[in-house]
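Everything on this sheet refers to the single structure shown next.
Scope of the values below: all heavy atoms of this structure, side chains included, with no hydrogens, waters or symmetry mates. Please read these numbers as outputs of a predicted model, since none were measured by experiment.
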Amino acid sequence: MSAVLYAEDLRPGTVFELGSTKISKEEILDFGRRFDPLPLHTDEGAAATSRFGGLIASGFHTAAVLQRLLVDAVFSRAALIAGREIDSLRMRAPVRPGDVLHGTLEIVEVRPRDDGTAVVRSRGTLTNDSGTVVMELQGETLWEHRPAGGSEGGAA
């Protein structure tokens, strides 16, 4: 595998394992207070009386967790230019304190362009430690092609 992952290294159907992270009560409270100050994310007492029966992470917090796993496992070694769009972001189940979230990234499509770049459609998924999908995200990123004379690489 090359040190840098280029568009040519990606194939539809390839799945990258992104690793796992444990979500703490303190993280949920901090993110909620800073960015999504609804009682479900900031007040344990109020959250206990909600239909969720307790504190849950903001969906934006959960999306940020997926982004961090993506960067650590794939994007930090990729010839990634930028995100282009998010087509779909579905929050399937609540994320609670103590949950361990596991991430995957599936390559759906790679569309080369004439300008030396490629549009990559992908699906990111987070599951909790009991195997329940908590979030699915589908979108596009823009990647570089391998420079002329660059060596062959390969997806993980």
Side-chain angles (χ1 to χ4, degrees), residues 1-32 34-36 38 40-41 47 51-113 116-146 150-156:
M1 178 183 306
S2 66
V4 177
L5 195 60
Y6 291 96
E8 288 84 356
D9 301 321
L10 305 175
R11 301 283 179 268
T14 299
V15 176
F16 293 90
E17 294 295 330
L18 305 179
S20 302
T21 191
K22 186 173 185 174
I23 306 302
S24 72
K25 176 175 78 172
E26 293 74 24
E27 285 178 272
I28 291 173
L29 291 168
D30 180 57
F31 190 98
R34 294 184 68 210
F35 301 109
D36 195 354
L38 295 172
L40 284 173
H41 315 310
R51 72 174 47 241
F52 295 103
L55 195 65
I56 63 170
S58 164
F60 288 102
H61 180 183
T62 307
V65 168
L66 177 59
Q67 178 66 15
R68 179 58 191 248
L69 292 174
L70 284 164
V71 169
D72 288 349
V74 179
F75 292 167
S76 62
R77 64 186 177 97
L80 179 72
I81 298 168
R84 285 180 36 108
E85 67 181 51
I86 294 174
D87 295 330
S88 172
L89 176 63
R90 295 193 173 154
M91 293 166 250
R92 300 284 191 189
V95 173
R96 300 180 184 282
D99 280 356
V100 176
L101 301 182
H102 313 276
T104 59
L105 174 70
E106 179 184 359
I107 304 303
V108 175
E109 179 184 18
V110 180
R111 292 189 320 263
R113 298 178 357 158
T117 66
V119 175
V120 176
R121 293 194 50 72
S122 60
R123 179 180 304 110
T125 304
L126 285 175
T127 57
N128 65 20
D129 42 353
S130 32
T132 301
V133 173
V134 298
M135 177 173 278
E136 293 176 311
L137 181 147
Q138 294 186 48
E140 293 184 350
T141 49
L142 189 62
W143 291 59
E144 296 280 0
H145 284 292
R146 179 173 285 101
S151 62
E152 292 283 321

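By the 30° and 60° cut-offs, the orientation of the rings of Trp143 relative to Phe75 is perpendicular.
Atom CD of Glu106 is separated from atom OG1 of Thr14 by 8.5 Å, given to the nearest 0.5 angstrom. To the nearest 0.5 Å, the span separating CG on Asp30 from NE2 on His41 amounts to 13.5 Å.
Val100 has its side chain out of reach of Asn128: every pair of non-hydrogen atoms, C-beta onward, lies at least 4.5 Å apart. Inter-residue side-chain proximity for Thr62 and Met91 is flagged as unmet; no heavy-atom pair is nearer than 4.5 Å. You'll find the side chain of Thr127 stays beyond 4.5 Å of the side chain of Thr132, heavy atoms only. Here the side chains of Ile28 and His61 are in contact, with some heavy-atom distance below 4.5 Å.
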Residues Val133, Leu126; criterion side chain to side chain contact (heavy atoms under 4.5 Å, CB included); working and verdict
CA-CA 6 Å; Val133 173; Leu126 285 175; over 6 Å; no
For a side chain to side chain contact (heavy atoms under 4.5 Å, CB included) check, start with the C-alpha distance between Leu5 and Val74, then their side-chain angles and the critical distance, and finish with the verdict.
CA-CA 8 Å; Leu5 195 60; Val74 179; 4.0 Å; yes
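In this structure, Arg92 pairs ionically with Glu136, as a charged nitrogen and a carboxylate oxygen lie closer than 4.0 Å. At a threshold of 4.0 Å, the pair Arg111-Glu109 counts as salt-bridged, since one of the basic side-chain nitrogens sits closer than that to a carboxylate oxygen.
Judged by distance alone, with hydrogens and angles left aside, the side-chain atoms of Asp99 form a donor-acceptor pair with the main-chain N or O of Arg96 at under 3.5 Å.
When each of Val95, Leu66, Leu18 is tested with Leu101 by the rule side-chain contact (heavy atoms from CB on, under 4.5 Å), just one qualifies, namely Val95.
Side-chain contact check for His102 and Ser20: at least one donor-acceptor pair (N or O, by modelled atom type) lies under 3.5 Å.
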